[in-house]
Amino acid sequence: MTKYNITEKKEKEAAYRSLVSPKLMDELKEKILEVVLFQKKYKDKNYSAKNLAEDLGTNTRYISAVVNVRFHMNYTSFVNKYRIEEAMALLTDRRYQNLNMEEISDMVGFSNRQSFYASFFKINGCTPRDYKLRHTQLAATAEKAKKRGRKPAAKSKATK
């Protein structure tokens, strides 16, 4: 593709974004957050931009335009952001410490381990395993410091 064709293509791709009025963008943004984030549709491996568009009574171009303009990313990155945030919470939660990475990946909506690791690394700059180890060590260090910093128990009146 020539430089001219690439520029022309980018202009065409960006043009549909201006078809959505700012008011409609704001409305769709709120609806997208409601469905994807608050209803936790990001956990559904099969929930696509097409499904979201159908649920909101719009089309995928509008969904794409709103996610690009209001969230500054594409639909997949948008959904993966929430998946990774939840994975980070699960990885540092003692209740889930016995789960392996595939189970965590599955719980937050990734369809395979590779995409989970790639997205996690892209956002955090480390693997999920390294993140878990680092935060487990930090929690253990904080717990030790807390124990060392305790004041001795007050003597009861009976021992005085």
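- For Asp55, the salt bridge (Lys or Arg N to Asp or Glu O under 4.0 Å) test picks out no residue, with sequence neighbours left out.
- Linking ILVMFWY side-chain heavy atoms closer than 4.5 Å, directly or via other members, places Val108 and Tyr75 in two distinct hydrophobic clusters.
- Within the 4.5 Å cutoff, side-chain heavy atoms of Asp106 are placed close to those of Lys45.
- Hydrophobic cluster membership differs between Ile84 and Leu133, with clusters built from Ile, Leu, Val, Met, Phe, Trp and Tyr side chains linked at under 4.5 angstrom.
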Could you pull out all donor-acceptor pairs under 3.5 Å where a side-chain atom in residues 86-96 meets a protein atom, sequence neighbours excluded?
{"from": "Glu86", "atom 1": "OE1", "to": "Tyr42", "atom 2": "OH", "distance (Å)": "2.4"}
{"from": "Glu86", "atom 1": "OE2", "to": "Lys43", "atom 2": "NZ", "distance (Å)": "3.1"}
{"from": "Thr92", "atom 1": "OG1", "to": "Met88", "atom 2": "O", "distance (Å)": "3.1"}
{"from": "Thr92", "atom 1": "OG1", "to": "Ala89", "atom 2": "O", "distance (Å)": "3.2"}
{"from": "Asp93", "atom 1": "OD1", "to": "Arg95", "atom 2": "N", "distance (Å)": "2.9"}
{"from": "Asp93", "atom 1": "OD1", "to": "Arg95", "atom 2": "NE", "distance (Å)": "3.1"}
{"from": "Asp93", "atom 1": "OD2", "to": "Arg95", "atom 2": "NE", "distance (Å)": "3.2"}
{"from": "Asp93", "atom 1": "OD2", "to": "Arg95", "atom 2": "NH2", "distance (Å)": "2.6"}

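- Remark: Lys81 engages Glu85 in a salt bridge (Lys or Arg N to Asp or Glu O under 4.0 Å) (not counting sequence neighbours).
- Listed by chain and residue number, Lys50, Asn51 satisfy the side chain to side chain contact (heavy atoms under 4.5 Å, CB included) test with Glu54 (two or more places apart in sequence, or in another chain).
- Under the 4.5 Å side-chain contact rule for hydrophobic residues, Val35 and Met25 share a cluster.
- To the nearest 0.5 Å, atoms CD1 (Ile32) and CD1 (Ile63) are separated by 4.0 Å.
- Every residue meeting the side chain to side chain contact (heavy atoms under 4.5 Å, CB included) condition with Asn46, not counting sequence neighbours, appears here in chain and number order: Asp44.
- In this structure, the side chain to side chain donor-acceptor pair (under 3.5 Å) partners of Thr127, at least two apart in sequence or on a different chain, are Asp130.
- Residues forming a salt bridge (Lys or Arg N to Asp or Glu O under 4.0 Å) with Arg113 (at least two apart in sequence, or on another chain): Glu102.
- With Thr136 contributing its side chain and Lys132 its backbone, the two residues share a donor-acceptor pair below 3.5 Å.
- In this view, Leu33 and Lys29, Leu37, Phe38, Phe71, Phe78, Tyr82 satisfy the side chain to side chain contact (heavy atoms under 4.5 Å, CB included) rule, not counting sequence neighbours.
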Distance-only donor-acceptor pairs under 3.5 Å for side chains of residues 114-122, two or more places apart:
{"from": "Ser115", "atom 1": "OG", "to": "Asn112", "atom 2": "O", "distance (Å)": "3.1"}
{"from": "Ser115", "atom 1": "OG", "to": "Asn112", "atom 2": "OD1", "distance (Å)": "3.1"}
{"from": "Ser119", "atom 1": "OG", "to": "Asn80", "atom 2": "ND2", "distance (Å)": "3.2"}
{"from": "Ser119", "atom 1": "OG", "to": "Ser115", "atom 2": "O", "distance (Å)": "3.1"}

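- With sequence neighbours left out, Arg70 forms a salt bridge (Lys or Arg N to Asp or Glu O under 4.0 Å) with Asp26.
- Across all non-hydrogen atoms, the minimal contact from Glu103 to Leu99 is OE1-CA, 3.2 Å.
- Here CZ of Arg83 is found 14.5 Å from CD1 of Ile104. Values are rounded to the nearest 0.5 Å.
- Hydrophobic clustering, with ILVMFWY side chains joined whenever heavy atoms are under 4.5 angstrom apart, keeps Val67 apart from Ile123.
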Verdict with reasoning, Ser48 to Leu52, per side-chain contact (heavy atoms from CB on, under 4.5 Å): CA-CA 6 Å; Ser48 66; Leu52 179 59; over 6 Å; no
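- Remark: Glu27 CD to Tyr62 OH distance equals 12.0 Å, nearest 0.5 Å.
- For Asn74, the side chain to side chain donor-acceptor pair (under 3.5 Å) criterion is met by Ser77, not counting sequence neighbours.
- By the rule that hydrophobic residues join a cluster once side-chain heavy atoms approach within less than 4.5 Å of another member, Val79 and Phe110 end up as members of separate clusters.
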